[in-house]
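Down below is the structure, laid out as structure tokens.
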There are 2 protein chains.
Amino acid sequence: MKFLKTILCGLFVAALVPRVNAQSANPVEVTMNKVKLSFTLDAAGTPQYNVQYDQRTVVAPSRLGFALADDSTFYKDFEVLKTSSRSVNDSWQPVWGEVKSIRDQFEELTVSLRQRKAPGRLLNIVFRVFEEGVGFRYEFPLQPNLKYFVVTDELTQFRLTGDHKTFWIPGDYDTNEYLYTTSKLSEIDNTDMVKTSTDIAVRTAPDPYAVQTPLMMKSTEGLYINIHEAALSNYPAMQLHVDRAGYTLTSSLVPDAFGNKAYLHAPAQTPWRTVIVSNKAADLLASKMILNLNEPTSLTNTSWIKPMKFVGVWWEMQTGKATWNYSNFPDSMDARGNLIPNGTHGANTANVKRYIDFAAQHGIGGVLVEGWNKGWEDWFGNWKENVFSFTTPYPDFDVREITRYAASKGVTMIMHNETSGSATDYERQLDTAYRFMNQFGYPSVKTGYVGKIIPRGEHHDGQWMVNHYERVARKAAGHQVTIDVHEPMRPTGQHRTWPNWMASEAGRGNEYNAFSVGSPPEHETILPFTRLMGGPMDYTPGIFKMKGYASYAPDRQMHTTLAKQLALYVTIYSPLQMAADLPENYSAKPDAFQFIKDVAVDWDDTRIIEAEPGDYVTIARKEKGKANWFIGAITDENSRTATVPLSFLEKGQVYVAVIYGDGPGADWKTNPESYKIETFLVDGNSNLKLKLAPGGGAAVHVRPAAAQELKQLKKYNLK
Amino acid sequence: MKFLKTILCGLFVAALVPRVNAQSANPVEVTMNKVKLSFTLDAAGTPQYNVQYDQRTVVAPSRLGFALADDSTFYKDFEVLKTSSRSVNDSWQPVWGEVKSIRDQFEELTVSLRQRKAPGRLLNIVFRVFEEGVGFRYEFPLQPNLKYFVVTDELTQFRLTGDHKTFWIPGDYDTNEYLYTTSKLSEIDNTDMVKTSTDIAVRTAPDPYAVQTPLMMKSTEGLYINIHEAALSNYPAMQLHVDRAGYTLTSSLVPDAFGNKAYLHAPAQTPWRTVIVSNKAADLLASKMILNLNEPTSLTNTSWIKPMKFVGVWWEMQTGKATWNYSNFPDSMDARGNLIPNGTHGANTANVKRYIDFAAQHGIGGVLVEGWNKGWEDWFGNWKENVFSFTTPYPDFDVREITRYAASKGVTMIMHNETSGSATDYERQLDTAYRFMNQFGYPSVKTGYVGKIIPRGEHHDGQWMVNHYERVARKAAGHQVTIDVHEPMRPTGQHRTWPNWMASEAGRGNEYNAFSVGSPPEHETILPFTRLMGGPMDYTPGIFKMKGYASYAPDRQMHTTLAKQLALYVTIYSPLQMAADLPENYSAKPDAFQFIKDVAVDWDDTRIIEAEPGDYVTIARKEKGKANWFIGAITDENSRTATVPLSFLEKGQVYVAVIYGDGPGADWKTNPESYKIETFLVDGNSNLKLKLAPGGGAAVHVRPAAAQELKQLKKYNLK
């Protein structure tokens, strides 16, 4: 131990700031187009805000504030010291993304508050009003009487004005992989969903009335409302507790082992709380508000960050054809202490080379290999501190040879670091793990956190882990490695700040159709309005063998048509897209696979053609630096016709549209593999009518027509 | 997430082991000299053991067993499958130590138990009976129905036979730095001690009747009994809950955030529980039982591990002359964002060079520098995750120049890594921190853990931290760095396994006489029987300026005489010994400082001359590879005469004895700096009579006489 000197802080001088009469400052309003934000202090000195859209109330006057460990009433008795405002109209270019350039236009209001009671602590609330909604965050300024402090609760409320239709998953501290429930606000109760979701490894949802964000809602008046957060950093994820009678949502932060929420040091700030609203659902999907509320990246060189498609030694394990583990038991050793191979290990050199060959042949950039490293025999469910070595291949995985072979074929190897939830052990190995990647030329890593978190008492979505994921992103950036994080907290636009954090899972991916009863056809129509609001998802689309793929569950099947699997490459945005099925299943349908080979993963423009959460989504995107467009249209369990006016095409240019659509009699349940491919000439006046089967979809590749194609192909029947 | 395959363990075959009738196996006895161990199963099938010494009961029949998370009764319903025994008489040579060679002689009994109820889990208990006591541990063998498991409680009891006099500190999860209380067992209650020990940074002692081990006791019959543990690894520290009426001690393991004690994976074993007993107190200090119960080191090259004395930029901070921190506040920045220096920073290049010069001049091997690295402005008390950089010096600490200068003077620099309790952050930096040490030629590091532990919910003495300290030791060994750990769990002989873990603090060191009211004169007479039973302590002796050293507390003084400070270099064993006072205070008393210059730190032999816990300790040690002996004698607040027969000296050889004793009128309180130095000729027939003042001591340097000294010096007055 050592001498603990008490440093008296007597040198501080109370800040000389003008005191504004609280009454006179009430209310302060900020408007951008149809969105109006009002701030006021109520009679108790509690900060209140409300949000209106087109003169309709979206959020009625709602409380702002905190309970701190040493002040449970840090939400009242405030006075307004000052308000200030500014207007910003800017634009910026993402390293990769859905569009080439993003406009960042908002009106900002900063309210500086001081508690009237001693010691007169300061709190700022900053509002940014965009044309599609409002973001606000709390700032704890540098001040003499608030240095290190503990947030025991954030008391932010969102008082809604009706019993909205809501698309929700339980507010779970450890997972976002639930099925979505569609219900009225007043009907929310996650008890049964949490209890019955036994296909999710770790579930911690003590509050039956808590839901995860992004929370998607639709009012009876037809307003679409999305509540989430932006720039989550050094703070726990925000969930929402639902007061079912009053339609009031209250922030519910993911706690640590002590029930504490955040350990902060002023100056500090919370993430932005976001309310996005429109009378058109498509506007929500087009919104860049969450990205705009994140900080620009501090990385000066981003040339090494490359969007990519990849295949992987993965689906064969998900479907029971192969195993991650090399031996059946951790204590299956021969006389010399070596593991006895089980003969089913997927990540063996010969098999990996088969994937490399396939990728090279079809121009797929990367090959992911799971199960390459020691530790898989007893990796799951033991809350075990030391699980994997991230630098020790199994005996049948020749990392040097695989590196050499992949390089000779121009294929990028993708590293895999599953942590089993032991974040402490991963952090210990970070240096060596990333040096290993550099040494063997792995420019990208997929990480995973399946299991209860260590440090024991922390949760996947708590402050400690939020910081952990960011530490990993920083470490990876230092080694010029991109990351694809499975089982993190759901994204909040942090890929603006960390463009090497290219994708996350953080939701219910396509894999659930392998190892569980799966997800219904509506699932992918909800994801863009929920999970994807914060950032790209590694959903792993592209399954071609739609039934009978799981050896251990012969009746299992996908819940889409094959054409819908193709459409997902466009409707689910990610700069990393897996072609998830086995090479042999692609080789059996080379015509359909052509779309996966062609589809882009980075874009200059994106148009949300039509969208309704739970029902359908149609999106068109223009390939980065190219004249090509790709269109994806999906539907839920109901067939429908998606209408796509091609007015975004360049005037005067004739294009070829290759339409990968549902085939005759296609139906997700009875006939999922029926597809048809048609090729037409189109132009900006064309109006595609894409017939989508139940659970179906369509994918369209639109490219400028070559001279001879103008003669060979027939025109799309213009409507 | 990924597919979680359930591997059925149907392939296991029940082990074919002979079943021994439990009755017929009762009791099993093992004897070594005066010590007898008996094992039995009681009628409920609960394992019981008892220990006798010279036909007197030391531990009456006492329960053995566990509560596991999935079996709260893993202490009963056992049957004996098998018992086996073996005799061992071996010896081994420590890398460094109190003696050159250690005899390891014991009778071992292994009892293999199986629970009669399904699923028939196995538990082994291994006893080793030495001539000075008994060690036993639990083994969880490889078995089909116990793989990963959680220990919720260890139920080991020690049923004592009387209301022994006990030297104890509170059973605190986070600190061993309390003052010792001497009381009867029946009087133990740590409430007041915990409450009033405000000089200890973090205190967590929820059980008022819990005490720390090593627990030292003395029966009314004059038996000295010490209970501790050996080879603590991957398990929490054991404390003892005292049943004051029944004189029964029960193991009380340090918990994690959930109250769980240990996460284990069979095959696994607990540390050894140790009972050392003798009718002579000195025998306990001479015991090597705890070391013997630790595993031999697996390090093949230990030539880089070197015992050493050192000075340091440290006491000047403890006493308020200088600061660890470079700036007064973390937010004291100039316009360019650089910290504004406070002018009191101790670890500046010029000051460090002064210490290097002093060390070089006096043949002191090392220089420790605390406060050299960024982070000290707000390092303490904030439960802060990111505190220090272990690779970033303050601007006034020129690490390159200091490295160059120290090397040119033949002085070893000692690194300092204070973690503030943020073990997670230290683990993140381990790679870079130890590479930094290698780069700048630091072969040794002092680590520290002042503050609440992160991971939040873990404790200094819990399983996670026990593993942490061992991870650090392993990492350090990999970099050929030795470690001196402050604020770890108290040692349990692990320096046999990790000889580069050379010392720990883990107790109330000399520094408490700087920053607190200090420790009474008896303190150092208790330490060898308690804290030191498990391993070396970095006590930091050698203070020469005995009063008025603390600028912020002018009345503060040491609680020993100066001569006793010298004697501590012998009575408190450590292969790392600090000369803790300021260079100028040593320069003022060069004659007394000569002893510190001369005293060895590694030994071929050690003799405990006389000892009584709480009263006095006299020890003689023979320097490694030399003919020199050093003797230390200390007393408590009472003056006494220590009698030291020099019969251990080589026959026929005449020696010079330089006696550094208490001077005229010496008294720890009124006249602590009075010392006198006398030089005599002695031989194996001499009988030193060392007069120790109240709170005093004597230090003796005995070396073979040179020819001319035989004429110049007079003989010690033989008695």
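Naming: A, B, ... by sequence-line order, numbering from 1 per chain.
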Practice problem: To the nearest 0.5 angstrom, please state how far the CZ atom of B/R428 sits from the CZ atom of A/R471. | Solution: 3.5 Å
Quiz item: Closest approach of A/R456 and B/F258, non-hydrogen atoms and distance?
Solution: C-CE1, 3.6 Å
Exercise. Give the C-alpha distance, both sets of side-chain angles, the deciding distance and a yes or no for side chain to side chain donor-acceptor pair (under 3.5 Å) between A/Y263 and B/N382.
Key: CA-CA 9 Å; A/Y263 299 80; B/N382 300 314; over 6 Å; no
Quiz item: A/S516 versus chain B, heavy atoms under 4.5 Å apart: side chain, backbone, both or neither?
Solution: neither
Exercise. Could you grab the distance from atom CD1 of A/I454 to atom CG of B/D256, nearest 0.5 Å is fine?
Key: 10.0 Å
Practice problem: Examine whether an atom of B/N467 lies under 4.5 Å from a heavy atom of chain A, and if so say whether it belongs to the side chain, the backbone or both; otherwise answer neither. | Solution: neither
Quiz prompt | Audit row: B/W383, A/V150, side chain to side chain contact (heavy atoms under 4.5 Å, CB included) steps and yes/no | solution = CA-CA 10 Å; B/W383 219 2; A/V150 176; 5.9 Å; no
Quiz item: Which region of A/Q429, side chain (C-beta onward) or backbone (N, CA, C, O), has a non-hydrogen atom less than 4.5 Å from a non-hydrogen atom of chain B, or is it both or neither?
Solution: neither
Quiz item: Charged N to carboxylate O under 4.0 angstrom, B/D378 versus A/K147?
Solution: no
Quiz item: Among B/E385, B/E458, B/H265, B/R508, which has the most heavy-atom pairs under 4.5 Å with chain A?
Solution: B/E385
Quiz item: If you measure from OG1 on B/T432 to CG on A/D431, what distance do you get to the nearest 0.5 Å?
Solution: 6.0 Å
Quiz item: Which answer fits B/K475, side chain, backbone, both or neither, if we ask what part of it has an atom under 4.5 Å from a heavy atom of chain A?
Solution: neither
